[in-house]
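Sequential numbering from 1 along the given sequence is applied to the chain's residues. Just so you know, these numbers come straight off a predicted model, no measurement behind them.
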Amino acid sequence: MRYTIVIEKAPANYAAFVPDLPGCVATAPTRQEAIAEIRQAIAFHIQSLREHGEPVPEPHCTATVVDVAAVA
């Protein structure tokens with residue numbers, strides 16, 4: 001499965017979360033480490049859902065970046 005992740009820069013680290021998996025989050029000192037951590041968090045999150053007999057949400061979120069002209 002391919003889940004969309006959101007990565008945010010915080011003052012001291014990077015935080016990542018998965019919109020399709022509420023509660024699935026990770027933090028790390030670098031962007032690349034945050035990506036690696038959220039990949040592991042997704043695997044553990046899905047494993048936990050399955051172990052508890054809960055449904056695993058299908059990925060449905062997408063993301064894109066848009067440019068916005070500065071307002072004068």
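Minimum interatomic distance between Y14 and P29 (heavy atoms only, all atoms of both residues): CD1-O, 3.6 Å. The two residues A16 and A34 have their closest heavy-atom pair at CB-O, 4.3 Å. Counting all heavy atoms, side chain and backbone alike, P22 lies closest to H45 at O-CE1, 3.4 Å.
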With a 3.5 Å cut-off and sequence neighbours excluded, list the donor-acceptor pairs that the side chains of residues 2-12 form with protein atoms.
from: Y3; atom 1: OH; to: P57; atom 2: O; distance (Å): 2.5
from: T4; atom 1: OG1; to: C61; atom 2: O; distance (Å): 2.7

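Remark: E51 pairs with Q47 by the side-chain contact (heavy atoms from CB on, under 4.5 Å) rule, at least two apart or across chains. Among residues two or more places apart in sequence or in another chain, the side-chain hydrogen bond (donor to acceptor under 3.5 Å, both in side chains) test is passed with T62 by none. Among residues two or more places apart in sequence or in another chain, the side-chain contact (heavy atoms from CB on, under 4.5 Å) test is passed with H52 by S48, E54.
Other members of the hydrophobic cluster containing V68, listed by chain and number, are V66; membership follows side-chain contacts under 4.5 Å among ILVMFWY residues, whether direct or relayed.
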(request) Assess whether side chain to side chain contact (heavy atoms under 4.5 Å, CB included) is satisfied between M1 and I42, documenting all intermediate values. (result) CA-CA 10 Å; M1 285 190 256; I42 291 168; over 6 Å; no

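Residue pairs meeting the side-chain hydrogen bond (donor to acceptor under 3.5 Å, both in side chains) criterion with at least one partner in residues 25-44, sequence neighbours excluded, are T30-E33.
A single hydrophobic cluster is not seen to contain both F17 and L49; linkage of ILVMFWY side chains at heavy-atom distances under 4.5 Å, directly or through other members, places them apart. In terms of hydrophobic clustering, with Ile, Leu, Val, Met, Phe, Trp and Tyr side chains grouped at heavy-atom distances under 4.5 Å, I46 and V18 are assigned to a common cluster.
When atom types are taken as modelled, the side chain of D20 and the backbone of H60 share a donor-acceptor pair closer than 3.5 angstrom.
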